[in-house]
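Below you'll find the structure, written out as C-alpha cells, and then a few comments.
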Amino acid sequence: MYTLTYESVATDKINSAAMEELLEKARANNQRDAITGCLIYYKGRFVQLLEGNKVRIEELYRKIKMDPRHKNVTLFSDDEISKRTFPNWGMAYYPIDENNTNKYEYEQFKRNLILMADLIEPTNVTSKHFWKKIKSMVVEPPM
Ligand code: FAD
C-alpha cells in the first residue's frame with residue numbers, strides 16, 4: 001500500500017456548496033477504489049492525506065493536481081505503508097472556517113484538531129508529516 005500527503009491553496013471556484021459536491025464525488029470514488037484519507041481546510045488552504053493501492057493513488061493525485069478548485073498543489077511526503085492511518089474514512093473532512101463558524105465553535109474545532117495531532121500515534125513518516133503540517137497551520141504564532 002501507498003500513502004501521500006500534499007498541501008494546496010483553494011481558488012475562488014470553491015465555496016461550501018461546491019465543497020459538498022466535491023466531497024460527495026470524492027467519497028463515492030474513494031469507496032469504489034478502496035482509498036481512505038483525511039482532508040483539512042483551513043484559512044483558504046487544503047492539506048490532504050490519501051492512502052490505498054499505489055497505482056490508484058497516483059492516478060487520483062494526477063487528477064487532483066489538475067483540479068481548478070485549488071492551485072499550488074505541493075506534495076510534501078509519500079511512503080510505502082503496511083497499515084492505514086484512516087482505515088474507516090473514505091475521506092474524513094475537517095473544515096475550519098472562521099467566516100462560517102461562530103467564534104466559540106471555531107476555537108473548539110481548532111483545539112480538537114490540535115488534540116488529535118498530539119494524540120494520534122503516526123504509523124508512518126507521511127502521516128507524521130501530515131499531522132505536523134496541520135499543527136503548524138492551526139497553532140497561531142505567539143504575538
Ligand atoms: P468527474 O467528476 O466526472 O469530473 C470530470 C472533470 O471535471 C475533472 O477534471 C474534474 O476536476 C472536473 N470537475 C468536476 N466537478 C467540477 C466542479 N464543480 N468545478 C470544477 N471542476 C470540476 N476526488 C476523489 O475522487 N477523491 C478525493 O479524495 C479527492 N480529493 C480532492 C481534494 C481536493 C482539495 C480537491 C480540489 C479535489 C479532490 N478530488 C478528489 C476531486 C478530483 O480532483 C477530481 O475532480 C475527481 O477525482 C474527478 O472525479 P471523476 O474522475 O469521477 O470525474
Side-chain angles (χ1 to χ4, degrees), residues 1-103 105-141:
M1 252 188 324
Y2 177 72
T3 185
L4 64 77
T5 183
Y6 71 85
E7 61 183 323
S8 66
V9 176
T11 62
D12 57 7
K13 291 183 175 60
I14 201 92
N15 55 27
S16 50
M19 200 62 221
E20 284 295 318
E21 194 186 313
L22 185 157
L23 280 171
E24 203 175 307
K25 182 82 189 169
R27 287 185 175 132
N29 284 352
N30 293 358
Q31 188 174 15
R32 180 195 62 204
D33 297 335
I35 291 172
T36 52
C38 182
L39 173 64
I40 309 276
Y41 173 83
Y42 183 68
K43 290 192 173 174
R45 286 167 68 194
F46 290 111
V47 180
Q48 187 175 32
L49 181 142
L50 296 164
E51 51 197 10
N53 172 277
K54 187 168 186 181
V55 173
R56 294 235 159 97
I57 297 285
E58 285 176 337
E59 209 172 282
L60 174 58
Y61 185 58
R62 259 196 302 278
K63 281 190 202 170
I64 287 178
K65 275 195 293 189
M66 293 187 314
D67 196 311
R69 292 169 282 189
H70 63 171
K71 60 183 182 182
N72 305 351
V73 181
T74 312
L75 183 81
F76 60 88
S77 184
D78 70 325
D79 253 321
E80 300 284 346
I81 51 166
S82 55
K83 192 168 169 234
R84 292 175 191 256
T85 303
F86 299 96
N88 303 318
W89 294 96
M91 189 47 58
Y93 176 58
Y94 292 92
I96 315 182
D97 189 346
E98 52 190 330
N99 301 318
N100 288 330
T101 324
N102 72 44
K103 189 154 173 51
E105 259 181 330
Y106 175 69
E107 291 302 327
Q108 187 63 41
F109 224 1
K110 269 173 54 173
R111 274 199 296 273
N112 289 348
L113 206 56
I114 293 167
L115 194 67
M116 269 163 74
D118 283 340
L119 290 181
I120 287 175
E121 284 281 341
T123 54
N124 59 72
V125 175
T126 294
S127 137
K128 200 169 171 172
H129 284 306
F130 172 76
W131 288 113
K132 209 167 147 196
K133 174 72 71 178
I134 301 302
K135 209 172 159 188
S136 70
M137 207 163 79
V138 174
V139 175
E140 311 288 348

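What you see is a predicted model, and the numbers here were worked out from it, not measured in a lab. Remember, it's 1-based here, ligands and their atoms both numbered in the order they're listed.
Nearest non-hydrogen protein atom to atom 42 (C) of ligand 1 is Asp67 OD2, 3.5 Å. What sits closest to atom 1 (P) of ligand 1 on the protein, heavy atoms only, is Lys25 CE, 3.9 Å. For atom 10 (C) of ligand 1, the closest heavy atom belonging to the protein is Arg69 NH2, 4.2 Å. The protein heavy atom nearest to atom 35 (C) of ligand 1 is Leu22 CD1, 3.6 Å. The shortest contact between atom 27 (C) of ligand 1 and any protein heavy atom is with Ala26 CB, 3.4 Å. Closest to atom 49 (O) of ligand 1, if we only count protein heavy atoms, is Asn29 ND2, 3.2 Å. Nearest to atom 39 (N) of ligand 1 among the protein's heavy atoms is Ile64 CG1, 4.0 Å. Nearest to atom 18 (N) of ligand 1 among the protein's heavy atoms is Glu21 OE2, 3.3 Å.
The backbone and the side chain of Lys63 each have at least one atom closer than 4.0 Å to an atom of ligand 1 (non-hydrogen atoms only). If you look at Ile35 next to ligand 1, there are no close heavy atoms at all, none under 4.0 Å. When non-hydrogen atoms are compared, ligand 1 lies under 4.0 Å from the side chain of Tyr6 (C-beta onward) but not from its backbone.
Taking all atoms of both residues into account, the shortest heavy-atom contact from Val73 to Tyr61 is CG1-OH, 3.7 Å.
Residue contacts with ligand 1: Tyr61 is excluded, as none of its non-hydrogen atoms falls under 4.0 Å. Every heavy atom of Ile14 sits 4.0 Å or more from the atoms of ligand 1.
The option from Ile57, Val9, Leu60 that lies nearest to atom 24 (C) of ligand 1, judged by heavy atoms, is Leu60.
Annotation for Gln31: atom CD does not count as buried by contact number, only 12 or fewer foreign heavy atoms lying within 6.0 Å.
For atom 47 (O) of ligand 1, the nearest protein heavy atom lies closer than 4.0 Å.
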Indicate every side-chain donor-acceptor pair of residues 49-56 with a distance under 3.5 Å to a residue at least two apart or in another chain.
from: Glu51; atom 1: OE1; to: Thr85; atom 2: N; distance (Å): 2.9
from: Glu51; atom 1: OE2; to: Thr36; atom 2: OG1; distance (Å): 3.0
from: Glu51; atom 1: OE2; to: Thr85; atom 2: N; distance (Å): 3.3
from: Glu51; atom 1: OE2; to: Phe86; atom 2: N; distance (Å): 2.7
from: Asn53; atom 1: OD1; to: Val55; atom 2: N; distance (Å): 3.0
from: Asn53; atom 1: OD1; to: Arg56; atom 2: N; distance (Å): 3.1
from: Lys54; atom 1: NZ; to: Glu80; atom 2: OE2; distance (Å): 3.3

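Exactly one of Asn124, Thr126, Thr3 qualifies for a side chain to side chain donor-acceptor pair (under 3.5 Å) with Ser77. That residue is Thr126.
Atoms of ligand 1 lying under 4.0 Å from any heavy atom of Phe46, numbered from 1 in the order shown and given with element: 34 (C).
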